[in-house]
*Asks:* 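Okay, here's the structure, questions in a sec.
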Amino acid sequence: IFGPLLRPKFFLPETESGYRRTNGRTHDLLPATSDLIICHHTTNPLQLPSSEPRIGRALACSIGIQICINGCLAGVRMASPLLALREGYSPAAVGVLLALYAFVQLFLAIPAGRYADRHSLKKPVLLCTGIAIIGSGIAALWPVFPVLCLTAMMTGGATGVTVIFLQRHAGRIATTPTQLKRVFSWLAIAPSLANFIGPALAGIVIDLAGFRSCFVAMVLLALVAAVLVQYVAEHPQTASESVAPRQAIWSLLGEPKMRL
């Protein structure tokens, strides 16, 4: 008599196996000879899914760090060849100067990636921002060609390593595939903004106050990145990462998606 009243609306007809599935959940049923059915729910069917963790602050800080450190690199990379050409250096010398911005990254990319897998974000990024600050600062103090070459290697290497750590951090703060796509979509905007802000700021400061002031402005950009690092929450190595076997970098060539 009371069976139709007590049976919840979300129940499906009973199957031969003695189970009902509603919204992907399995309900264990006791044998029943009447309309009264006694059920045990393994999960609460009325429980709402937990909300995704908020990652807005971590993502905003990561974007800000990348904009500032890449902006510092872009500004110094624009000002250095202009200063070298003004001092009378040949186009070949200027080409070598520009090539030095990527020279150090060739040797640091793979070791930095392995280090990023085993450590968190703050200390390495603070070290990299410190190197970028020193590199831009010595160019402001001694704006000569040998120092500009050293500045190119320091700022280029520091920026490349910072980007590697930020990308690894972005992969850790995302907990779902949807979040991962959203995080990297926003993070991909940062280099474009940096390549606009850095040269624009450098050109304006050069016109107003000269090359030394331009390098000082790039120091301030790197300082802002160092400040933003303090507001990023650490995401240490997970258990699955710690037990993962170490493989050679060439093993990536065995992945079908890497060969496309």
Side-chain angles (χ1 to χ4, degrees), residues 57 59-105 108 122 124-166 186-232:
R57 177 178 176 180
L59 179 58
C61 290
S62 299
I63 293 174
I65 294 169
Q66 192 167 357
I67 289 175
C68 291
I69 195 71
N70 275 284
C72 173
L73 172 64
V76 172
R77 188 171 54 195
M78 191 207 75
S80 297
L82 292 178
L83 179 58
L85 289 173
R86 195 190 69 170
E87 296 297 323
Y89 286 91
S90 65
V94 174
V96 172
L97 174 62
L98 289 175
L100 291 177
Y101 282 95
F103 179 74
V104 178
Q105 298 183 29
L108 292 182
K122 284 188 177 181
V125 174
L126 281 175
L127 177 62
C128 291
T129 53
I131 293 174
I133 290 170
I134 295 173
S136 302
I138 60 175
L141 295 175
W142 301 286
V144 295
F145 189 79
V147 174
L148 294 179
C149 293
L150 180 60
T151 297
M153 291 188 289
M154 294 179 70
T155 55
T159 302
V161 173
T162 300
V163 170
I164 292 174
F165 275 92
L166 288 175
W186 279 102
L187 201 63
I189 301 175
S192 300
L193 289 175
N195 288 329
F196 170 78
I197 294 173
L201 178 62
I204 293 172
V205 175
I206 290 172
D207 284 341
L208 294 178
F211 285 95
R212 289 178 181 266
S213 300
C214 171
F215 292 123
V216 172
M218 298 304 107
V219 169
L220 296 178
L221 272 181
L223 279 173
V224 174
V227 172
L228 290 176
V229 176
Q230 306 299 324
Y231 296 95
V232 177

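Residue numbers start at 1 and run along the sequence shown.
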*Asks:* Would you give the length of the straight line joining atom CD1 of Ile133 to atom CD1 of Ile138, rounded to the nearest 0.5 angstrom?
*Replies:* 13.0 Å
*Asks:* Can you measure from CD1 (Ile134) to OG1 (Thr129) and round to the nearest 0.5 angstrom?
*Replies:* 9.5 Å
*Asks:* So do the side chains of Pro124 and Val161 get within less than 4.5 Å of each other, counting heavy atoms only?
*Replies:* no
*Asks:* Starting at CG of Leu59, measure out to CH2 of Trp186 and round the result to the nearest 0.5 Å.
*Replies:* 8.0 Å
*Asks:* Before giving the answer on side chain to side chain contact (heavy atoms under 4.5 Å, CB included), spell out for Leu201 and Leu221 the whole-Å C-alpha distance, their side-chain angles and the decisive distance to 0.1 Å.
*Replies:* CA-CA 10 Å; Leu201 178 62; Leu221 272 181; 4.2 Å; yes
*Asks:* Please test Gln230 against Leu126 for side chain to side chain contact (heavy atoms under 4.5 Å, CB included), starting from the C-alpha separation and ending with a verdict.
*Replies:* CA-CA 9 Å; Gln230 306 299 324; Leu126 281 175; 3.4 Å; yes
*Asks:* Can you tell me how far the CD atom of Gln66 sits from the CZ atom of Phe165, to the nearest 0.5 Å?
*Replies:* 14.0 Å
*Asks:* Who passes side chain to side chain donor-acceptor pair (under 3.5 Å) against Ser80, sequence neighbours left out?
*Replies:* Tyr101
*Asks:* Of the non-hydrogen atoms in Gly75 and Met218, which two are nearest, and what is the gap between them?
*Replies:* CA-SD, 3.6 Å
*Asks:* Mind running side chain to side chain contact (heavy atoms under 4.5 Å, CB included) on Ser213 and Leu208 for me, showing each step along the way?
*Replies:* CA-CA 9 Å; Ser213 300; Leu208 294 178; over 6 Å; no
*Asks:* On a heavy-atom basis, which atom in Ala202 and which in Met78 lie closest, and how many Å separate them?
*Replies:* CB-CE, 3.9 Å
*Asks:* Tell me whether Phe145 at atom CZ has more than 12 heavy atoms from other residues, nucleotides or ligands lying less than 6.0 Å away.
*Replies:* yes
*Asks:* Measure the spacing between CD1 of Ile197 and OG of Ser192 and express it to the nearest 0.5 Å.
*Replies:* 10.5 Å
*Asks:* Taking the side chain as C-beta and beyond, is there a heavy-atom pair between Pro143 and Phe211 under 4.5 Å?
*Replies:* no
*Asks:* Mark yes or no for whether Thr162, through its side chain, and Val125, through its backbone, hold a donor-acceptor pair below 3.5 Å.
*Replies:* no
*Asks:* For Phe215 and Leu83, what are the C-alpha separation, side-chain angles and deciding distance, and is it a side chain to side chain contact (heavy atoms under 4.5 Å, CB included)?
*Replies:* CA-CA 11 Å; Phe215 292 123; Leu83 179 58; 4.1 Å; yes
*Asks:* Nearest 0.5 Å please: distance from the CG atom of Leu228 over to the CD1 atom of Ile63.
*Replies:* 11.5 Å
*Asks:* Can you name the closest pair of heavy atoms from Ile69 and Thr159 and give their distance?
*Replies:* O-OG1, 3.6 Å
*Asks:* Write down the atom of Ala152, the atom of Leu97, and the distance for their closest heavy-atom approach.
*Replies:* CB-O, 3.8 Å
*Asks:* Considering all heavy atoms of both residues, which atom of Ala93 and which atom of Tyr89 are nearest to each other, and what is their separation?
*Replies:* CB-CB, 4.2 Å
*Asks:* Looking at every non-hydrogen atom in both residues, tell me the closest pair between Asn70 and Ala194 and how far apart they are.
*Replies:* CB-CB, 3.3 Å
*Asks:* Taking Gln105 for its side chain and Gly156 for its backbone only, find out whether a donor-acceptor pair lies under 3.5 Å.
*Replies:* yes
